[in-house]
Amino acid sequence: FNTVISAAEAGIVTLNIMQDGEQIGGAQIQVGTGPTPDIESGSVTTLVKVYGCDSSVSVQNVGATAAILTDANIVIDRLC
């Protein structure tokens with residue numbers, strides 16, 4: 001997952017890849033945002049094992065600072 005991150009206020013933006021509502025360890029992006037318009041980029045790569053057809057994978061802001069994400073990309077490869 002990669003994205004461009006900005007925020008309206010200074011703080012720490014923390015994004016985590018989630019599977020079925022649970023945080024995946026080691027799959028976190030954490031960036032600091034400044035008091036002026038500050039643009040940061042972040043990326044993380046992880047392997048998510050999905051068993052069955054009813055699993056969900058998402059990205060969630062788990063920090064206290066509201067974030068604006070642009071040009072967000074998530075790549076999913078099927079490994080057989």
Side-chain angles (χ1 to χ4, degrees):
F1 172 72
N2 61 30
T3 188
V4 176
I5 305 164
S6 61
E9 60 186 47
I12 302 293
V13 174
T14 306
L15 305 172
N16 207 98
I17 296 179
M18 313 286 280
Q19 181 176 15
D20 298 327
E22 299 291 326
Q23 294 184 16
I24 298 172
Q28 187 176 83
I29 300 171
Q30 191 172 55
V31 298
T33 57
T36 59
D38 192 11
I39 298 173
E40 300 285 338
S41 63
S43 66
V44 65
T45 301
T46 190
L47 179 63
V48 178
K49 295 182 180 180
V50 177
Y51 302 101
C53 298
D54 59 346
S55 185
S56 67
V57 176
S58 61
V59 177
Q60 183 176 352
N61 182 357
V62 296
T65 303
I68 300 166
L69 305 180
T70 55
D71 299 325
N73 296 291
I74 191 166
V75 177
I76 298 173
D77 288 329
R78 181 177 177 178
L79 304 176
C80 298

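We're numbering straight along the sequence, starting at 1. Predicted, not measured: the structure shown is a model, and the values here were computed from it.
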J.: I'd like to check the side chain to side chain donor-acceptor pair (under 3.5 Å) partners of Ser55; sequence neighbours left out, ordered by chain and number.
T.: Gln19, Asp20
J.: Residues in side-chain contact (heavy atoms from CB on, under 4.5 Å) with Ser6, at least two apart?
T.: Ile39, Ile68
J.: Going by side chain to side chain donor-acceptor pair (under 3.5 Å), name the residues that satisfy it together with Asn73, two or more places apart in sequence or in a different chain.
T.: Asn2
J.: Could you tell me the separation between the CD atom of Gln28 and the OG1 atom of Thr46, rounded to the nearest 0.5 Å?
T.: 12.0 Å
J.: Excluding sequence neighbours, so at least two apart, what forms side chain to side chain donor-acceptor pair (under 3.5 Å) with Asn61?
T.: none
J.: Does any N or O in the side chain of Thr33 come within less than 3.5 Å of the main-chain N or O of Glu9, such that one atom is a donor and the other an acceptor?
T.: yes
J.: Each residue besides Val48 in its hydrophobic cluster should be listed here, by chain and number; the cluster joins Ile, Leu, Val, Met, Phe, Trp and Tyr at side-chain heavy-atom distances under 4.5 Å.
T.: Phe1, Ile5, Val13, Leu15, Ile17, Ile24, Ile29, Val31, Val44, Val50, Val57, Val59, Leu69, Ile74
J.: Restricting to non-hydrogen atoms, name the atom on Ala66 and the atom on Ala7 that form the minimum distance, rounded to 0.1 Å.
T.: O-CB, 3.3 Å
J.: Would you say the side-chain atoms of Thr3 pair up with the backbone N or O of Asp71, donor to acceptor, closer than 3.5 Å?
T.: no
J.: Taking side chain to side chain donor-acceptor pair (under 3.5 Å) as the test, write out the residues that go with Gln23, two or more places apart.
T.: none
J.: Under a 4.5 Å cut-off applied to non-hydrogen side-chain atoms, are Asn16 and Gln60 in contact?
T.: no
